[in-house]
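Everything on this sheet refers to the single structure shown next.
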Amino acid sequence: MKTHVTVNGEGYERDVEPRMLLSDFLRHELGLTGTNVGCEHGVCGSCTVLLDGEPVRSCTMLAVQSDRRRLTTVEGLACEENLHGLQEAFTACHGLQCGFCTPGMLMTLLPIYNEARRLTDDEIRDAISGNLCRCTGYQQIVESARKALDEAADLAEFGADAEG
Amino acid sequence: MKPPPFDYVVATSLDQAIDLVSSDEDAKFIAGGQSLIPLLSLRFARPTLLVDISRLSVLRGVRSVADALNIGASTRHADIERLPVVRECAPLLSAAAGWVAHAQIRNRGTFGGAVAHSDSAAEFPAALLAMGATIVTRSSSGERRIPSTQFFGAHFQTALQHGELVVAVEVPTADRFSRWGFSEFARRKGDYAIGGAAVSARLNEDGECTSVRAGLIAAGPGPTSAEGLEETLVGHLVDESAVDAAVAQCERSLSPESNVHGSKEYRRAVVAESLRRALHQAFDLGGTQDERRSA
């Protein structure tokens, strides 16, 4: 079945079987292997991508259901040599150990970062409750998220002050 | 962990979708797919045909009708949680939505899908039982309006016939006499509940309870209504001892099954405590916000 998607700003058209999961479509059809596949039944959150700007689990969606929709994957974060602010913070705070859950963590946090919302640690834990880290490195993940979100919020407030 | 093969059609009208599913006994509707796709991947379900109803605009939207709110089946959990009209007119439903799974799932899963799936551990069926909602369905033989108490059965069974689709749910609009409470306990926020309760009540001008209903979460083989609350609470200014008596009476009727999350005795205790907390919230009987959040 013909499926046309926009991924990280680029259009792709592929003929896929209806049963193909979006996670497999991204990895096997488009070669975008940054999206990791963990449990494959909607529990671990590793495969989180943005669908029209909102986090969804790509293992719990059929590729054909993404027809004419806009996707963002972890490959869409860094710009050339420059890491995204979330990635910088995860590097600085040791927010990844084996790194398997990291793309999902980043994509779950991305809309919050973009909205420049400052979250408490409890709210961060709530926000990433759908993402499992089997290294159990949650403390540093929370610290990374807090650093990134605080920086985004600082920047937004600074910008608002400068405009005002 | 890959779905078995199936045919797939994106429906362009409600009639077409219903015709397609009705004419093939192994066909299924799909919308958000947040329950169905894992079942496919685990190969617990092997439909021949999936009819995708998620692009039908007729199933979208929330609107006020007389003294009720009509919520289209395609409304996502995230919308139920955030839409101002739902927060104002059906606050219990918005509160319950925040407990449905995780953000990624709430962004895809649909209200109608959760209702049709009828999981005993799900939040919406319990909330709808408490609110006295009406489930609106369509099939080739027309529309049905089914009271929630007659809709939900045991073990994922509902009043739906094959080829019949939930198109909307109508819930009574809250007013200044309406009260609600919601409490749930799970090991990790967003996981399936070990137990929970949704309460909807009404008071009169004097503050006496004129009606009260509760839907219980993970309390039995299907979405469950709490028994005996009205006898104990209606006609009274509800206080803590009345709530304790009502909960104790209800607790005796509960029969959750033992599973990996706990023995049946433990689960019964969790459901009863959830009901107590939800009633406390509804009747404004204290208990700290923190206690409610951790419930």
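Chain identifiers are assigned alphabetically (A, B, ...) following the order of the sequence lines, protein sequences preceding nucleic acid strands; residue numbering begins at 1 within each chain. All figures in this text were calculated on a predicted structure; none of them were measured in a lab.
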Quick one: are [X] and [Y] in side-chain contact, heavy atoms under 4.5 Å?
{"X": "Leu62(A)", "Y": "Asp52(B)", "result": "no"}
{"X": "His102(B)", "Y": "Arg57(A)", "result": "yes"}
{"X": "Leu50(B)", "Y": "Arg19(A)", "result": "no"}
{"X": "Thr60(A)", "Y": "Pro38(B)", "result": "yes"}
{"X": "Val10(B)", "Y": "Asp67(A)", "result": "no"}

query = Side chain, backbone, both or neither: which part of Thr48(A) has a heavy atom under 4.5 Å from chain B?
reply = side chain

message = Under 3.5 Å, is there a donor on one side chain and an acceptor on the other for Ser41(B) and His41(A)?
response = no

inquiry  = Please classify the contact of Leu40(B) with chain A as side chain, backbone, both or neither, using a heavy-atom distance under 4.5 Å.
reply    = neither

ask   = Heavy-atom distance under 4.5 Å to chain A: side chain of Leu39(B), backbone, both or neither?
value =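 Neither part.
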
message = Below 4.5 Å, heavy-atom pairs only: which of Met61(A), Met20(A), Met1(A) has the largest tally toward chain B?
response = Met61(A)

key: Options Ile128(A), Val43(A), Leu132(A), ranked by heavy-atom pairs under 4.5 Å with chain B, top entry   =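 Heavy-atom pairs under 4.5 Å are most numerous for Leu132(A).
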
Determine whether more than 12 heavy atoms belonging to other residues, nucleotides or ligands lie under 6.0 Å from atom [atom1] of [X].
{"X": "Glu13(A)", "atom1": "CD", "value": "yes"}
{"X": "Tyr192(B)", "atom1": "OH", "value": "no"}
{"X": "Arg87(B)", "atom1": "CZ", "value": "no"}
{"X": "Lys189(B)", "atom1": "NZ", "value": "yes"}
{"X": "Glu115(A)", "atom1": "CD", "value": "yes"}
{"X": "Arg63(B)", "atom1": "CZ", "value": "no"}

ask   = Given the rule in the side chain to side chain contact (heavy atoms under 4.5 Å, CB included) test, do Arg125(A) and Arg188(B) qualify, once you have shown the distances and angles that lead to the verdict?
value = CA-CA 10 Å; Arg125(A) 285 179 186 277; Arg188(B) 179 178 67 144; over 6 Å; no

inquiry  = Checking the side chain of Gln65(A) only, and the main-chain atoms of Ala31(B) only, is there a donor and an acceptor separated by less than 3.5 Å?
reply    =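 At least one qualifying donor-acceptor pair exists.
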
request  = Give a yes or no on whether the backbone of Val56(A) and the side-chain of Asn107(B) come within a donor-acceptor separation of less than 3.5 Å.
outcome  =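 No; judged by distance alone, with no hydrogens or angles, the pair does not exist.
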
query = Can you name the nearest heavy-atom pair linking Cys59(A) to Ile37(B), along with the distance?
reply =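 Scanning both residues, the minimum pair turns out to be O-CG2, 3.8 Å.
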
ask   = How far apart are the closest heavy atoms of Pro18(A) and Tyr8(B), and which atoms are they?
value =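 Closest pair (atom of Pro18(A), atom of Tyr8(B), distance): CB-CB, 3.4 Å.
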
request  = Measure the spacing between OG of Ser23(A) and NZ of Lys2(B) and express it to the nearest 0.5 Å.
outcome  =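 Those atoms lie 6.0 Å apart.
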
ask   = Is Arg106(B) salt-bridged to Glu54(A), cutoff N-O under 4.0 Å?
value =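 Salt bridge flag = no for Glu54(A) with Arg106(B).
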
Gln104(B) and Thr108(A): CA distance, side-chain angles, deciding distance, side chain to side chain donor-acceptor pair (under 3.5 Å) verdict = CA-CA 8 Å; Gln104(B) 297 98 324; Thr108(A) 298; 3.0 Å; yes

ask   = When only pairs under 4.5 Å are counted, which of Ser35(B), Ala103(B), Gly32(B), Pro4(B) shares the most heavy-atom pairs with chain A?
value =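 Winner by heavy-atom pair count: Pro4(B).
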
